[in-house]
2 protein chains.
Amino acid sequence: MNIGAAAEHSGLPAKTIRYYEDIGLLRASRALNGYRDYTTDDVHRLKFLQRARSLGFTVEECRQLLSLYADKNRDSADVKAIASRKLDEIDTKIAQLQSLRAVLSHLIAHCHGNDRPDCPIIDDLAGEAH
Amino acid sequence: MNIGAAAEHSGLPAKTIRYYEDIGLLRASRALNGYRDYTTDDVHRLKFLQRARSLGFTVEECRQLLSLYADKNRDSADVKAIASRKLDEIDTKIAQLQSLRAVLSHLIAHCHGNDRPDCPIIDDLAGEAH
DNA sequence: AATAAAGGTTCCAGAAACTGGAAGTTCAAG
DNA sequence: CTTGAACTTCCAGTTTCTGGAACCTTTATT
């Protein structure tokens with residue numbers, strides 16, 4: 001599959017896919033004409049990258065996450081440790097999104113028109129996830 | 001409150017807070033000595049920014065989100081429309097995080113040692129949020 | 001009171017993660 | 001066989017910080 005189709009399927013711009021190859025995040029094999037050639041597994045990885053990046057994981061973190069599947073020689077306890085750490089980060093992110101969501105939905109429900117200047121939301125703004 | 005304390009409370013480096021001021025995201029008033037002076041409301045906004053940025057919202061999106069509270073003259077329907085759109089984005093992010101979480105926890109639970117190379121996870125990698 | 005350390009200021013340079021554009025090659029359609 | 005889309009590389013620019021120099025203010029210590 002050419003880079004255009006891979007871009008289409010993964011949701012990443014072709015430019016970004018080439019950039020990821022530049023920095024060694026995901027190498028694709030080449031067809032005889034020199035074009036990059038992507039397998040469906042490659043596309044899965046690209047989708048995964050798109051998702052993880054859009055959720056605030058850094059490229060280095062994505063590299064780590066990808067390595068969890070890729071490295072057959074890695075010790076199982078090691079994999080588990082890294083995965084567990086990432087799991088905690090994900091849980092934190094979910095909690096933060098939920099608190100962000102609460103703030104916004106409160107805003108939608110209660111703070112219309114003239115009420116808003118004194119809206120209690122501003123007090124909760126960035127409040128802890130209870 | 002000085003910038004150091006604001007940094008401490010918000011979780012953002014002082015450098016970043018100054019940068020946010022540079023790009024007009026959050027202006028702080030100045031004390032007589034020229035130091036930036038932050039109110040607790042400012043700190044709430046900073047915390048909010050820290051959170052939203054770490055969750056993958058762009059600076060421009062954060063600016064929009066902040067404007068939801070700040071702009072007293074904005075039409076209520078307008079506020080609701082923007083907030084609703086952001087709410088949808090947040091829901092999507094939550095769903096994506098949950099699917100990412102499922103993949104990782106599956107990895108932890110089932111793909112230890114020699115099983116992993118053929119682990120079914122790689123098939124789910126970046127699979128849709130069901 | 002003098003001074004050293006800590007923390008504030010601006011400004012400029014560099015890094016991370018893209019993003020756009022030029023110049024050229026290959027492919028598919030008419 | 002030509003035209004246009006999609007591919008290639010390479011270089012330059014943008015966004016979002018981040019580090020460091022040079023200098024000023026506050027705070028603690030002698």
Side-chain angles (χ1 to χ4, degrees), chain A residues 1-39 42-43 45-67 86 89 93 96 100 126, chain B residues 1-40 42-43 45-67 89 93 96 100 126:
Chain A
M1 177 188 322
N2 283 349
I3 199 170
E8 182 97 14
H9 287 103
S10 68
L12 284 171
K15 272 271 176 185
T16 303
I17 297 177
R18 291 197 196 93
Y19 170 71
Y20 286 166
E21 184 166 324
D22 270 4
I23 63 173
L25 200 51
L26 189 131
R27 301 197 330 279
S29 60
R30 296 294 177 119
L32 295 174
N33 56 13
Y35 285 18
R36 287 171 183 82
D37 189 28
Y38 295 89
T39 67
D42 288 334
V43 172
R45 287 182 174 78
L46 287 171
K47 252 192 205 171
F48 177 84
L49 286 172
Q50 188 284 318
R51 185 162 294 193
R53 287 292 295 125
S54 84
L55 293 169
F57 288 98
T58 67
V59 165
E60 282 319 304
E61 285 170 332
C62 290
R63 201 189 296 274
Q64 258 195 349
L65 285 166
L66 278 186
S67 81
K86 290 297 165 199
E89 287 175 32
K93 279 178 193 290
Q96 289 183 337
L100 213 60
Chain B
M1 180 187 322
N2 282 350
I3 199 170
E8 182 97 14
H9 287 104
S10 67
L12 285 171
K15 273 271 178 186
T16 303
I17 297 178
R18 290 197 196 94
Y19 169 71
Y20 286 166
E21 184 166 323
D22 269 4
I23 63 173
L25 201 50
L26 190 130
R27 302 197 328 280
S29 60
R30 296 294 177 118
L32 294 175
N33 57 11
Y35 285 17
R36 286 170 182 82
D37 188 28
Y38 295 89
T39 66
T40 50
D42 289 333
V43 172
R45 286 182 174 79
L46 288 171
K47 253 193 202 167
F48 177 84
L49 286 172
Q50 189 284 319
R51 184 162 294 194
R53 287 292 295 125
S54 84
L55 294 168
F57 288 96
T58 67
V59 165
E60 281 321 304
E61 285 170 331
C62 290
R63 201 188 296 274
Q64 258 194 350
L65 285 166
L66 278 185
S67 81
E89 287 175 33
K93 279 178 192 289
Q96 289 183 338
L100 212 61

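Per chain, numbering begins at 1; letters A, B, ... match sequence-line order.
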Between [X] ([atom1]) and [N] ([atom2]), how many Å, whole number?
X: L12(B); N: dT16(D); atom1: CG; atom2: C1'; answer: 12 Å
X: R30(B); N: dC24(D); atom1: CZ; atom2: C1'; answer: 13 Å
X: D22(B); N: dG19(D); atom1: CG; atom2: P; answer: 16 Å
X: L25(B); N: dT15(D); atom1: CG; atom2: P; answer: 14 Å
X: R18(B); N: dT18(D); atom1: CZ; atom2: P; answer: 13 Å
X: I17(B); N: dT16(D); atom1: CD1; atom2: C1'; answer: 15 Å
X: E21(A); N: dT9(D); atom1: CD; atom2: P; answer: 7 Å
X: K15(B); N: dG20(D); atom1: NZ; atom2: P; answer: 9 Å

Distance-only criterion, 3.5 Å: show the donor-acceptor pairs between side-chain atoms of residues 12-20 of chain A and protein atoms not counting sequence neighbours.
none

Identify which nucleotide among dC17(D), dC7(D), dT26(D) has an atom closest to any side-chain atom of N33(B), counting heavy atoms from C-beta outward.
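When the side chain of N33(B) is considered, dT26(D) is the closest of dC17(D), dC7(D), dT26(D).
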
To the side chain of P13(B), which of dT18(D), dT8(D), dC10(D) is closest?
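From the listed options, dT18(D) comes nearest.
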
Just checking R27(B): does its CZ atom have more than 12 heavy atoms from other residues, nucleotides or ligands closer to it than 6.0 angstrom?
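Result for CZ/R27(B): open.
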
Step through the shown structure and confirm whether more than 12 heavy atoms of other residues, nucleotides or ligands are within 6.0 Å of CD on E21(B).
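Yes.
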
Position toward the 5' end of DNA chain C (nearest nucleotide), L32(A) or Y20(A)
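By nearest-heavy-atom nucleotide position, the 5'-most residue is Y20(A).
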
Should R36(A) and N2(A) count as side-chain neighbours, where that means a heavy-atom distance under 4.5 Å?
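Side chain of R36(A) against side chain of N2(A), heavy atoms only: no contact under 4.5 Å found.
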
Flag the pair M1(A) / T39(A) as yes when at least one side-chain heavy-atom distance between them is below 4.5 Å, and no otherwise.
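A side-chain contact under 4.5 Å is absent here.
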
Of all nucleotides in DNA chain C that come within under 4.0 Å of a heavy atom of chain A, which is furthest toward the 5' end and which toward the 3' end?
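So the contact region on DNA chain C extends dA17(C) to dC27(C).
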
Hey, does the side chain of R63(B) reach the backbone of S67(B) with a donor-acceptor pair shorter than 3.5 angstrom?
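No, because the side chain of R63(B) does not come within donor-acceptor range (under 3.5 Å) of the backbone of S67(B).
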
Could you tell me which residues satisfy salt bridge (charged side-chain N to carboxylate O under 4.0 Å, His left out) with K86(A), sequence neighbours excluded, listed by chain and number?
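Only E61(A), E89(A) meet the salt bridge (charged side-chain N to carboxylate O under 4.0 Å, His left out) criterion with K86(A).
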
